[in-house]
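Read the structure below first, then the notes.
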Amino acid sequence: MRLKALALLLLGSAFVSAQNYQIRTIAGVGTYGGDGGPATSALINPFAAVVDASGNIYVSDDTYRIRKIVSSGIITTLIGKGYSAFSGDGGPASAATMSTASALAIDSVGDLYFADSGNNRIREVTTAGMVRTVAGTGTCGTTAPGAAATQAPLCDVEGVAIDTQGRVYFSSNSRIWMIAADGSLILIAGTGGATNTGDGGLATSAEIGLPTSIAIDASGNLYFADAFNLAIREVTPDKLIHTSAKITDTSATGIVLALDNSGQLYYTIGTQRVYKLVQGAPVLVATLTGNDRASYIAIDRSGALYLSSFDSSRVLKVNGIDVTTIAGAYPFGVDPLPKPATSAHLHLNPLLIGLAVDASGNVYFPELDGNLVQRIDVVSPSGTMTALPTPVKLPTGGAFDVQSVTVGPGGMIYFSTFTQVYRAELNGSVTLIAGAPGFPSNVGDGGPATAAKISNPTGIVFDQSGNLYITEPFDSRVRKVTPQNVISTFAGTGHAGNSGDNGPAAAALVSTPVDVKVDSNGNVFIADLTAAVVRKVSPNGIITTVAGNGSSGFSGDGGPALKAQISGAAAIAVDPSGNLFIADQPSAGSTISPAADNNRIRMVDTAGVITTVAGGVFGYNGEGILAAQAALGARSRWQRIARAESTSPSRILSAFAFSRQRPQRWLLRR
């Protein structure tokens, strides 16, 4: 199983104080931008979409924003600041924050409603540009019919729709609700159960799975998509429920519905095909090509289809057989190198990202080119981006891939694959350093590293004596390769746990060691992701804990690091002064650690005191701001390599990467 390292991978250099550090991008243009200009030149991460009566298009952007494209083609941000938060009710939407908008709807006067899913609310932006909450308190809980909508706790808020009378409908916690004229909630469908039952009976007695998309026709028929059970169901005006269609396409990742002016129901299932439902049968109406996928659908008054394609970062218009791009300019070819790094379009591997910085300040990281072939890119101190010469195939015959990168003896670049560690030679070839193909691992201790078996080496680093340390997170150990190429187990026994402090590292239990770094005194630091600790092995082989109390969470800033909670140590760095930096972001190893993220870079100083030096919320909120106020990406799809630095550019705190990941909201079938 691969470790899904969605990065924050840190590389430290000189650092004196945790105060007054700023954050800026050093490579990549990201996947957000273009406000005030043509939407076709903008960078956008489109989710839900809707079109108003004047032809203005509203798109929820995966950068925690809703953006508006007017009929002239100019794009602006309507609401959102680039990070997940809740603020601004009662004031202008332009100053407000939001979470992910999973659904959008427009009423007859042009007011926009959206499901602010992360905030468990339904909110409205009026035509005057003011924002307010119309349902939800922001907390997740059980709600009963008759409750005031604005006092009701809501969970799993996904769909929203408006009927011809201007009434708001939304889905929450396997139920569909309507907001009555007096502001109370009326239950329309669902008992809270996640199966697909109750056809032919009252909708309020049926189990309706996960209703993620809602559409209401002029006659009052309500259609909804059950993403759990891959079905389209209908609630008629007499309050009865039945199944209109079952989705049998095994490639479907979800269902999104839209109605045209005649009441014809259209839907997408996350593939390249768009359908309409005719007498219960699917009829193909459009097929996309290339990187485009039909993630969401909207229809204007003329019957033209608008499709958001998350995969290609575009909004498309389908009119008959013509498909045009309405918004989005993210390229999928290969940027010719060399070029200025901050104008390069990065294709970061969503599974594996490593970073390294050499003594001259060159930054190395793996990237996918337009053909999904990996390479190792280099950003020089002057800001020019090039790529290392590397082979198309590895000596094993497999495609070139990179799991982690480090700078080794002589300034040479070393990288790990899923079962080997190689050195990248100046002539473009590679030399095997450790690892023979195949499993199981922990084979070969005491012998040549090139003949040993290693497993998922996610972290690699050299000490000053030329010893190589390799983390094996799925086998709960760290291994060591001497300059003579002899391999041994350095820390851990192969059994997961968190024990053995003040004893030999080789006899201690470690859980999921994902990263390893060495300080100038020869101490080896190990980031243990699922144990939520960082441990240190001294030069005499004794292991101790230096950060984290072993309980996942967030606490302790300003106090002893040993008493603090971290959500998970995804990566670490140590600066020359001995300060330890922790990427407190366990979703970087999401296949093995589904814990919530703190989304922070935290520092443990030489006195053992822990503080936050960057982050705290999801997203991206600009350049040149204080690192402690910066939003950092975990689930979001930032294609950037960034760093935090002091007002003295020579003092770099850390380099880190934001990657992109297709959202998994729809992949919830039981």
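Model, not experiment: these values are computed from the prediction.
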Verify side-chain contact (heavy atoms from CB on, under 4.5 Å) between T417 and Q403, making sure each step is shown before the conclusion. CA-CA 5 Å; T417 67; Q403 181 149 284; 5.8 Å; no

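- Taking each heavy atom of A327 and I69 in turn, the nearest pair found is CB-CD1, 3.6 Å.
- With respect to the salt-bridge test (charged N to carboxylate O, under 4.0 angstrom), the residues K276 and D260 do not qualify.
- Residues F170 and V134 have side chains not in contact (no heavy-atom distance under 4.5 Å, counting atoms from C-beta outward).
- In plain terms, the two heavy atoms of S251 and R273 that are nearest each other are OG-NH2, 3.5 Å.
- The shortest side-chain heavy-atom distance between I247 and Y275 does not fall under the 4.5 Å cut-off.
- Proximity of Y58 to V125: side-chain heavy atoms (C-beta onward) are nowhere separated by under 4.5 Å.
- Of all the heavy atoms in A304 and K317, the pair that sits closest is CB-CE, 3.7 Å.
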With side-chain contact (heavy atoms from CB on, under 4.5 Å) as the test, would you mind laying out the steps for V235 and I176 before giving the verdict? CA-CA 10 Å; V235 179; I176 296 174; 5.7 Å; no

Tell me, with the steps shown, if E158 and S171 meet side-chain hydrogen bond (donor to acceptor under 3.5 Å, both in side chains). CA-CA 6 Å; E158 291 284 344; S171 62; over 6 Å; no

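- With values rounded to the nearest 0.5 angstrom, Y223 atom OH is found 6.5 Å from L265 atom CG.
- Note on ring orientation: taking the six-membered ring where Trp is involved, the planes of F47 and Y296 are parallel (angle under 30°, cut-offs 30° and 60°).
- Listed for the S102 side chain is no donor-acceptor partner under 3.5 Å among the backbone atoms of S117.
- The backbone N or O of N229 lies less than 3.5 Å from a partner atom in the side chain of K246, making a donor-acceptor pair.
- Without hydrogens or angle criteria, K81 side chain to S94 main chain gives a donor-acceptor distance under 3.5 Å.
- Looking at T77, its side chain never comes within 3.5 Å of a backbone N or O of R67 through a donor-acceptor pair.
- A heavy-atom distance below 4.5 Å is not found between the side chains of V402 and T390.
- The two atoms that bring T386 and L337 nearest to each other are C-CD1, 3.8 Å, heavy atoms only.
- Side chains of N261 and R301 form a contact here, defined as non-hydrogen atoms less than 4.5 Å apart.
- Between F114 and V50, the closest side-chain pair of non-hydrogen atoms is not below 4.5 Å.
- Put simply, OG1 on T63 and OH on Y83 are 12.5 Å apart, with the number rounded to the nearest 0.5 Å.
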CA sep, side-chain torsions, deciding dist, call: F228, E207, side-chain contact (heavy atoms from CB on, under 4.5 Å): CA-CA 11 Å; F228 269 159; E207 293 193 7; over 6 Å; no

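- From Y306, atom OH reaches atom CG of N319 across 8.0 Å, with rounding to the nearest 0.5 Å.
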Determine, stepwise, if the pair T458 / N456 fulfils side-chain hydrogen bond (donor to acceptor under 3.5 Å, both in side chains). CA-CA 6 Å; T458 57; N456 287 284; over 6 Å; no

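- For F400 and F415, the gap between ring centers is short of 6.0 Å.
- Pairing each heavy atom of V160 with each of A115, the nearest pair is CG1-N, 4.2 Å.
- Counting heavy atoms from C-beta on, the side chains of L277 and S244 come closer than 4.5 Å.
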Run the numbers on S309 and D311 for side-chain hydrogen bond (donor to acceptor under 3.5 Å, both in side chains), then give the verdict. CA-CA 5 Å; S309 173; D311 283 14; 5.9 Å; no

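- Using a distance-only test at 3.5 Å, with no hydrogens or angles considered, no donor-acceptor pair links the side chain of R175 to the main chain of I208.
- Checking side-chain atoms of T127 against main-chain N and O of G110 turns up no donor-acceptor pair under 3.5 Å.
- Between the side chain of S213 and the backbone N or O of L257 there is at least one donor-acceptor pair closer than 3.5 Å.
- Without hydrogens or angle criteria, D116 side chain to I122 main chain gives no donor-acceptor distance under 3.5 Å.
- Between the side chain of S416 and the backbone N or O of S404, at least one donor-acceptor pair lies under 3.5 Å.
- Atom CG in D156 sits 6.0 Å away from atom CG in N173 (nearest 0.5 Å).
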Evaluate L305 against V285 for side-chain contact (heavy atoms from CB on, under 4.5 Å), listing each step before the verdict. CA-CA 10 Å; L305 308 181; V285 295; 4.3 Å; yes

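- Under the 3.5 Å distance criterion, the side-chain polar atoms of S219 are left unmatched by any main-chain donor or acceptor of N221.
- Atom-to-atom distance recorded for K68:NZ and N56:CG is 4.5 Å, nearest 0.5 angstrom.
- Remark: L284 CG is packed, more than 12 non-hydrogen atoms of other residues, nucleotides or ligands lying under 6.0 Å away.
- Contact record, D61 with L43: OD2-O, 4.4 Å, taken as the closest heavy-atom pair.
- Between T243 and R233 the shortest side-chain heavy-atom distance falls below 4.5 Å.
- Distance CD1/I74 to OG/S41: 9.0 Å, rounded to 0.5 Å.
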Begin from the C-alpha positions of S99 and N119 and carry the test side-chain hydrogen bond (donor to acceptor under 3.5 Å, both in side chains) through to its verdict. CA-CA 6 Å; S99 184; N119 289 319; 5.0 Å; no

